[in-house]
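Only heavy atoms go into these numbers, but all of them, side chains included; no hydrogens, no water, no symmetry mates.
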Amino acid sequence: MDNSPVYACLTTLPDRTKSLEETIESLLPQVDEIHLFLHGYNPVNLPAFLEDNPKIKLKYDIEWGDNGDLDMFHSVKDLNGYVIICGDDLIYPPNYVETMVKAVDKYKRKALVSGHGSILFPLPIADYYADRYVYPCLGDVKGEFQVQVPGTGAMAFHTD
């Protein structure tokens, strides 16, 4: 890992405030900034853990519209460095970001890496959820595999 900054990007809803707080706590010591897209939040009535933290950059759907989970990628176009796309309902281990950055560097920053993903069964696909094999980020995956559909809650890349 060089001196490139590390950014965590995620999106959330008010129903997930409790899990979000634990997610933010697990990521804050590991990254330079957290870019958080808030769906359905009132900017004048934020949870205390989101207020006045210079490492947390907030965006609101009232300003930018609502593109669902795609909004976790909203800030990427303005970033230069390592980007870790995260879920708002996961607690990340203390070495998570370091592990993901090493994985990105292993492929000379030319790959998007994910700790979760799917391989689709041969075409035709009748049912996306039934016609695939999933490598779950919360399970034990032994080894590295090329997947067709990487999971976003455990994804990393470098903007280079």
**Q** Tell me if a side-chain donor or acceptor on K18 pairs with a main-chain N or O of D15 at a distance below 3.5 Å.
**A**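 No.
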
**Q** Using side-chain heavy atoms (C-beta onward) and a distance below 4.5 Å, is H158 in contact with S4?
**A**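 In contact.
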
**Q** Report, as yes or no, whether the 6.0 Å neighbourhood of atom CG on N53 holds more than 12 heavy atoms from other residues, nucleotides or ligands.
**A**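 Yes, because the 6.0 Å sphere around CG of N53 holds more than 12 heavy atoms from other groups.
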
**Q** Determine yes or no for a side-chain-to-main-chain donor-acceptor pair under 3.5 angstrom, with Q30 supplying the side chain and S26 the backbone.
**A**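 At least one qualifying donor-acceptor pair exists.
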
**Q** Taking the side chain as every heavy atom from C-beta outward, state whether N80 and P5 have any pair of such atoms under 4.5 Å apart.
**A**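 Side chain of N80 against side chain of P5, heavy atoms only: no contact under 4.5 Å found.
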
**Q** Can you check side chain to side chain contact (heavy atoms under 4.5 Å, CB included) on L20 and F49, steps first, answer last?
**A** CA-CA 10 Å; L20 175 66; F49 71 94; 4.0 Å; yes

**Q** Will you find, in the side chains of T159 and Y82, an N or O donor that is under 3.5 Å from an N or O acceptor?
**A**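 T159 vs Y82: no donor-acceptor pair found between side chains.
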
**Q** Okay, side chain of D131, backbone of F121: is any donor-acceptor separation there less than 3.5 Å?
**A**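 Not at all, since once roles are kept as given, no pair shorter than 3.5 Å links the two residues.
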
**Q** Same cluster or not: are I85 and I91 linked, directly or through other Ile, Leu, Val, Met, Phe, Trp or Tyr residues, by side-chain heavy atoms under 4.5 angstrom apart?
**A**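 They do not share one cluster, since no chain of ILVMFWY contacts under 4.5 Å joins I85 to I91.
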
**Q** Hey, quick one: are L10 and L13 part of the same hydrophobic cluster, counting side-chain heavy atoms closer than 4.5 Å, chains of contacts allowed?
**A**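 As far as the 4.5 Å side-chain criterion goes, L13 and L10 are not connected within one cluster.
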
**Q** To the nearest 0.5 Å, what is the distance between CG (N95) and NZ (K102)?
**A**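 These two atoms lie 8.5 Å from each other.
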
**Q** When you compare the side chain of I56 with that of L58, does any pair of heavy atoms fall below 4.5 Å?
**A**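 Heavy-atom side-chain distance check passes, below 4.5 Å.
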
**Q** Kindly write out the residues that satisfy ring pair (Phe, Tyr, Trp, His ring centres under 6.0 Å) with Y92, not counting sequence neighbours, or none if the list is empty.
**A**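 Y92: ring pair (Phe, Tyr, Trp, His ring centres under 6.0 Å) contacts with Y96.
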
**Q** Find out whether V113 and M100 are in side-chain contact, i.e. whether some heavy atom of one side chain is under 4.5 Å from a heavy atom of the other.
**A**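 In contact.
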
**Q** Looking at side-chain heavy atoms only, is the closest gap between T17 and T12 below 4.5 Å?
**A**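 They are not in side-chain contact.
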
**Q** Hey, are T11 and H39 close enough side-chain-wise for a donor-acceptor pair under 3.5 Å?
**A**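 Yes, a side-chain donor-acceptor pair sits under 3.5 Å.
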
**Q** Does either side chain, that of N42 or that of Y60, offer a donor lying less than 3.5 Å from an acceptor on the other one?
**A**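 There is no such pair (donor and acceptor under 3.5 Å, judged by atom type) between the side chains of N42 and Y60.
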
**Q** Would the number of heavy atoms belonging to other residues, nucleotides or ligands and lying under 6.0 Å from OH of Y128 be above 12?
**A**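 More than 12 within 6.0 Å, yes.
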
**Q** Step by step, would you call L112 with V104 a side chain to side chain contact (heavy atoms under 4.5 Å, CB included)?
**A** CA-CA 7 Å; L112 179 146; V104 170; over 6 Å; no

**Q** For a quick test of reading the model, state the closest non-hydrogen atom pair linking V6 to V31 and the distance between them.
**A**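 Nearest heavy atoms, V6 then V31: O-CB, 3.6 Å.
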
**Q** Answer with yes or no whether the side chains of D88 and T23 bring together a donor and an acceptor at under 3.5 Å.
**A**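 No, because no side-chain N or O of T23 sits under 3.5 Å from a partner of the opposite role on D88.
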
**Q** Is the shortest distance from a Lys or Arg side-chain nitrogen in D32 or K55 to a carboxylate oxygen in the other one below 4.0 Å?
**A**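 Salt bridge flag = no for K55 with D32.
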
**Q** Quick one: CD on E33 to CG on L27, what's the gap to the nearest 0.5 Å?
**A**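 Interatomic distance, E33 CD to L27 CG, rounded to 0.5 Å: 13.5 Å.
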
**Q** For the CZ atom of R132 and the CG atom of L120, what is their distance to the nearest 0.5 Å?
**A**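 Spacing of CZ (R132) from CG (L120) equals 8.0 Å.
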
**Q** List the steps, then state whether side chain to side chain contact (heavy atoms under 4.5 Å, CB included) holds for C9 with V83.
**A** CA-CA 7 Å; C9 296; V83 176; 4.0 Å; yes

**Q** Taking the side chain as C-beta and beyond, is there a heavy-atom pair between I34 and K57 under 4.5 Å?
**A**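 I34 does not reach K57 side chain to side chain.
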
**Q** Can you see which heavy atom on C86 is nearest to which on A8, and at what distance?
**A**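 Residues C86 and A8, closest heavy atoms: SG-CB, 4.2 Å.
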
